[in-house]
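Just so it is clear, the structure is predicted and the values come from calculations on it, not from any experiment.
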Amino acid sequence: MKPASIMTRLAKLCAAAGFLLSIAACASSPPPNTDVSSPYLHYVVERDVVVRRTANAGADQVGRLAAGTILKAEVVDIGDGWFRVHSDSGRTGYIFGRPLRPAE
């Protein structure tokens, strides 16, 4: 796989941050055939977002997520507006703000 495509995939997978605490689905039953034990959820990226190596605006940029991207990841609010995004493929990155919403 080419380095550029790896970075694109990483960026798409790492953007999953934003709405973990406000997922509307938490109050309803999961869709059929959903693994409720999995920490990974599907998210839609609502705006272009930069993915960083650490939770710091000056940290190295490891990728970007384009608006409209759908990704599957575990997203954790680590405070001060930062979210750790761990993709189901094993990659981790950090995003700032809430550029994601749960996929329907």
Side-chain angles (χ1 to χ4, degrees):
M1 190 175 287
K2 294 180 181 179
S5 85
I6 292 171
M7 293 306 287
T8 300
R9 289 186 72 188
L10 172 63
K12 287 180 181 177
L13 293 171
C14 289
F19 288 178
L20 183 63
L21 299 177
S22 62
I23 295 174
C26 288
S28 63
S29 299
N33 302 318
T34 299
D35 179 3
V36 294
S37 64
S38 174
Y40 301 103
L41 301 174
H42 287 93
Y43 294 89
V44 176
V45 180
E46 293 191 305
R47 61 174 169 79
D48 292 352
V49 63
V50 172
V51 181
R52 305 247 177 223
R53 186 171 310 281
T54 62
N56 182 304
D60 290 343
Q61 181 177 326
V62 295
R64 297 178 79 77
L65 289 167
T69 301
I70 297 175
L71 60 113
K72 185 175 180 182
E74 175 185 29
V75 179
V76 178
D77 182 344
I78 61 170
D80 295 326
W82 287 94
F83 293 83
R84 183 185 72 218
V85 180
H86 182 74
S87 73
D88 65 340
S89 67
R91 296 184 174 149
T92 300
Y94 297 83
I95 62 173
F96 185 80
R98 295 185 179 270
L100 308 174
R101 68 172 167 79
E104 296 177 15

Atom of [X], atom of [Y] and distance for their closest heavy-atom approach:
X   : Y   : answer
R98 : D77 : NH2-OD2, 4.2 Å
L71 : A73 : CD1-CB, 3.7 Å
A59 : R53 : CB-N, 4.4 Å
G93 : V51 : CA-CG1, 3.8 Å
I78 : A55 : CD1-CB, 3.5 Å

(request) Taking salt bridge (Lys or Arg N to Asp or Glu O under 4.0 Å) as the test, write out the residues that go with D80, two or more places apart. (result)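 Scan of D80 (salt bridge (Lys or Arg N to Asp or Glu O under 4.0 Å), adjacent residues dropped) gives none.
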(message) Can you list everything that forms a salt bridge (Lys or Arg N to Asp or Glu O under 4.0 Å) with R47? Sequence neighbours excluded, please.
(response)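 Salt bridge (Lys or Arg N to Asp or Glu O under 4.0 Å) list for R47, sorted by chain: empty.
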(request) Verify the cluster assignment for V50 and Y43: are they in a single hydrophobic cluster under the rule of side-chain heavy atoms below 4.5 Å apart? (result)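 In one cluster with V50: Y43, no.
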(message) Can you tell me how far apart CG (N56) and CH2 (W82) are? Round to the nearest 0.5 Å.
(response)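 Between N56 CG and W82 CH2, I get 6.5 Å after rounding to 0.5 Å.
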(message) Distance check, rounded to the nearest 0.5 Å: H42 atom NE2 versus D88 atom CG?
(response)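 Taking NE2 in H42 and CG in D88, the distance rounds to 7.0 Å.
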(message) Going by the rule side-chain contact (heavy atoms from CB on, under 4.5 Å), which residues pair with A67 if we only count those two or more places apart in sequence or in a different chain?
(response)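 D48.
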(request) With the side chain counted from C-beta on, respond yes when Q61 and R52 share a heavy-atom pair under 4.5 Å apart, and no when they do not. (result)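 Yes. Closest side-chain heavy atoms under 4.5 Å.
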